[in-house]
Amino acid sequence: MAVIKMKKLSVFAHRRDADKLLRRLMRLRCVELRKTELNEDEALKPCGDEAKCAEIEKRIGRVSEAITLLSKYSEKKKGLSSSRISVRLDKFRTDGSYTRAISIVDEALKINARIAELNSEETKQKTLLSTLAPWRTYELPLDHEGTEKTVIIPITIPPSVSDERIEEALGDTAGSASRVGGDKTVSCFALICHRGSEDEALRKLSNLGMLKAPFDGLKGTAAQIMGSVKKRLSLILAEKEKCEKRLRELAKDIELLEILYDAEGTALVAERSKEKLAMTELCILLEGWIPENETERVQAALSKFRCASEIEDPGEDEEPPVLLKNNFFARTFEWVLGMYSYPKYGSFDPTFIMSIFYFIIFGLMFADVGYGFILTVACFGAIKLLNPKKGMRNFLAMFGYCGISSMIMGVLFGAYFGNMPQAFAENMLGIEGATSTMQTAVLFDPLVDPMSFLIISLAMGGVHLIAGMAVQFYILCKKGEWIDALCDIATWWLTFAGIGLAVLFPWGKYVAIAGVASIVLTGGRHEKNVIMKLAKGLLALYGIVNYAADLLSYSRILALGLAASVIAQVVNTMGTMGGPNIVGFLMMVVIFIIGHLLNLVINVLGTFVHASRLQYIEFFGKFFEDGGKPFTPEEPSDKYTTEQ
Amino acid sequence: MTFMEFFTGLFTGNNLALTGAAVAAIVAGMGSAKGVGMVGEASTGLMMEDPSKFGKALILQALPGTQGIYGLITAFVIILKMGLLGTPVTLTLGEGAFLLFAAMPIAIVGYFSAIKQARVAAAGINLIGKHPGEVGKAITAAALVETYAIFALLVSLLPILFFTPGA
């Protein structure tokens with residue numbers, strides 16, 4: 001529970017070592033580079049090569065395309081148990097795997113392009129085949145132009161038109177149409193007429209929906225062409241199969257491509273981070289931040305290089321990035337803090353205190369053994385099976401812990417998927433009145449006694465608010481401003497304690513009056529004028545409204561708790577309506593699964609949002625100094641691999 | 001049947017209570033439907049540029065949906081109290097009116113807060129379009145509006161939960 005102290009690192013090294021040095025520092029995962037300030041007149045020039053970055057990016061694009069392609073052909077299904085491969089990227093570059101992976105990418109993409117070509121040709125040939133199908137009984141070659149005196153034109157006419165109507169339409173034109181084929185959609189005719197009168201014949205027929213058959217460039221009879229098209233199609237199919245077989249073979253090495261992806265990704269990070277360096281003819285200057293506790297590791301790594309390095313404290317006007325240090329439990333809540341803002345460098349890290357309150361409040365808002373169990377098993381199961389990256393792992397672990405809290409609170413307030421045991425007992429086992437008499441709660445059922453739960457919610461809020469004030473008290477005392485701590489915070493505690501005591505003992509009200517008096521008397525201590533002092537003091541008393549509003553805000557714990565259990569009750573009532581028979585039982589299983597999963601999702605979202613809000617507004621509002629920039633060290637790419 | 005008989009037959013305690021349940025579900029549900037729709041439109045616009053922000057946008061879109069759920073909860077608790085899912089009870093006119101009035105806070109506040117919350121959430125969608133890291137602030141800003149729907153839910157729910165027919 002602390003913001004880690006940062007040190008400023010500056011390194012002068014040989015330019016030819018730049019790549020190796022950067023990669024070594026990236027592997028340490030504890031150096032965040034910062035852009036070196038360049039003065040115009042100095043010999044330092046910006047380092048970094050935009051063209052090279054673009055080239056690597058293009059390669060990464062190709063690799064990722066190849067991975068998507070080959071994963072379709074991979075036999076090893078990337079199912080739930082996909083864990084990341086452990087490799088050494090520098091070895092990968094030198095032992096020939098790199099060139100092999102590159103050649104696999106090239107070949108896979110080439111084959112893919114060929115398959116696309118074949119597919120488009122296949123479509124074309126199939127269209128031709130279906131156009132020719134009605135003509136297969138037509139015995140003349142399609143390009144046959146007729147004799148010296150006559151012309152033969154293959155035409156199509158809608159099948160609804162009868163032969164008589166065609167003859168009628170042609171009338172006294174010197175020509176006739178003879179039926180040569182056709183199917184359900186079209187009738188095929190050969191129009192035979194005298195040379196010179198074909199235009200007239202076509203014009204007369206066009207009223208009947210006649211079209212000239214689209215046979216430009218085709219040679220031979222329809223049957224012959226269809227034969228060769230079929231042959232071509234089978235060749236295409238064979239080649240496609242061959243291509244796919246080859247892709248399946250290549251897919252066996254998909255792991256190599258995944259390593260390549262990370263190798264190139266790492267190269268890109270290194271190249272991009274060069275943009276932050278400065279260089280001279282022979283040297284590079286590297287500046288960055290390292291956590292204080294990592295200085296030795298960094299120094300040990302640097303000692304392998306011929307370089308000059310310096311590690312110093314940050315200057316007054318510098319704003320180092322923020323890295324938090326927390327125990328295994330609170331660490332998983334850091335991202336909740338991050339969603340609001342990281343604390344300013346050098347200020348108080350509230351993650352640990354927040355995590356405890358978050359844990360309890362989440363449980364109270366979503367008190368249910370069943371839902372909590374599903375949440376915990378799903379989250380920790382996902383961590384176990386998927387081996388996710390750090391961010392995702394913390395995200396899942398946090399909800400896993402919150403599920404445990406839900407289970408504990410669920411036992412106390414007797415919720416097992418809402419009132420599932422009661423509903424089951426009453427409607428499926430036939431125990432009369434079980435929903436109103438059966439008791440599963442250790443303490444009480446919030447639906448029966450919401451006032452007690454409201455009191456618990458507000459009490460929780462009171463503890464949370466006082467904890468927030470205590471943190472501020474601590475911060476002020478640490479800064480040496482203990483007068484402010486006493487006047488602005490302790491006076492309120494005295495007032496709160498007085499109000500609490502007044503409920504229990506008659507003399508308590510004097511404590512409360514003393515508290516209020518102390519607030520009024522000290523509230524205006526920074527003013528010089530006596531009247532202003534008093535006015536400011538009275539104004540300080542107005543703060544009671546804020547505290548009351550903050551406290552009432554915690555009634556949402558009750559509201560969200562009721563929301564979850566009432567919806568669960570709806571599901572249980574609907575699910576058990578069918579009664580104790582097979583249909584009723586099947587209906588129950590289906591409704592329970594769908595309904596309770598839906599309720600789980602809705603309420604996890606709602607509870608997450610409102611539990612966070614209580615931290616952000618009510619708790620952090622008391623003391624938090626925001627605006628810290630999270631520490632983001634340069635790291636190797638690890639989408640598929642982990643560095644050994 | 002005279003008109004008066006029809007009229008008095010319509011105005012039973014049970015009908016008034018059922019009206020309360022219906023109003024809670026209808027009005028709050030309408031507000032949520034409108035609100036979720038508004039944020040949905042904004043987030044679809046964002047998807048056109050960057051589909052990878054779907055998850056973040058979805059959280060914001062779901063936020064104005066809770067008022068409808070609160071309305072549903074209130075309606076359901078009224079229905080439970082009327083015994084419609086078990087042995088029905090006969091409510092007096094006064095008892096029915098009691099449940100109808102109790103449903104008003106979540107119906108009215110639910111409707112307006114869902115729409116106002118949707119406007120904040122839609123603005124939040126624009127925010128995450130430019131700064132994806134600020135999704136926490138966008139959610140918090142929208143969640144602040146929800147406070148009043150939650151208070152209204154409590155004010156609706158507590159009298160109904162403490163209500164015993166015939167007492």
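From a predicted model like this one, the values you see are computed outputs, not experimental measurements. The chains referred to below are lettered A, B, ... by the order of the sequence lines, with proteins before strands, and numbering in each begins at 1. Note that these values count all heavy atoms, side chains included, but never hydrogens, waters or copies made by symmetry.
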Neighbour count above 12 (heavy atom, 6.0 Å) for B:Phe112 CZ | no
Applying a strict 4.5 Å limit to non-hydrogen atoms, the region of A:Met574 in contact with chain B is neither
Contacts of residues 98-110 of chain B with chain A (heavy atom under 4.5 Å) = none
Just list the donor-acceptor pairs under 3.5 angstrom between chain A and chain B, please.
from	atom 1	to	atom 2	distance (Å)
A:Tyr340	O	B:Lys137	NZ	2.8
A:Arg556	NH2	B:Thr147	OG1	3.0
A:His610	NE2	B:Glu146	OE2	3.1
A:Arg613	NH1	B:Thr147	OG1	2.8

Side chains of B:Leu158 and A:Leu558: does their closest heavy-atom pair fall under 4.5 Å?
-> yes
Shortest non-hydrogen pair, B:Leu161 vs A:Leu447, comes out as CD2-O, 3.8 Å
Flag side-chain contact, heavy atom, 4.5 Å: B:Ile73 against A:Leu562 = no
Scored by heavy-atom pairs under 4.5 Å with chain A, the best of B:Leu144, B:Leu157, B:Ile59 is B:Leu144
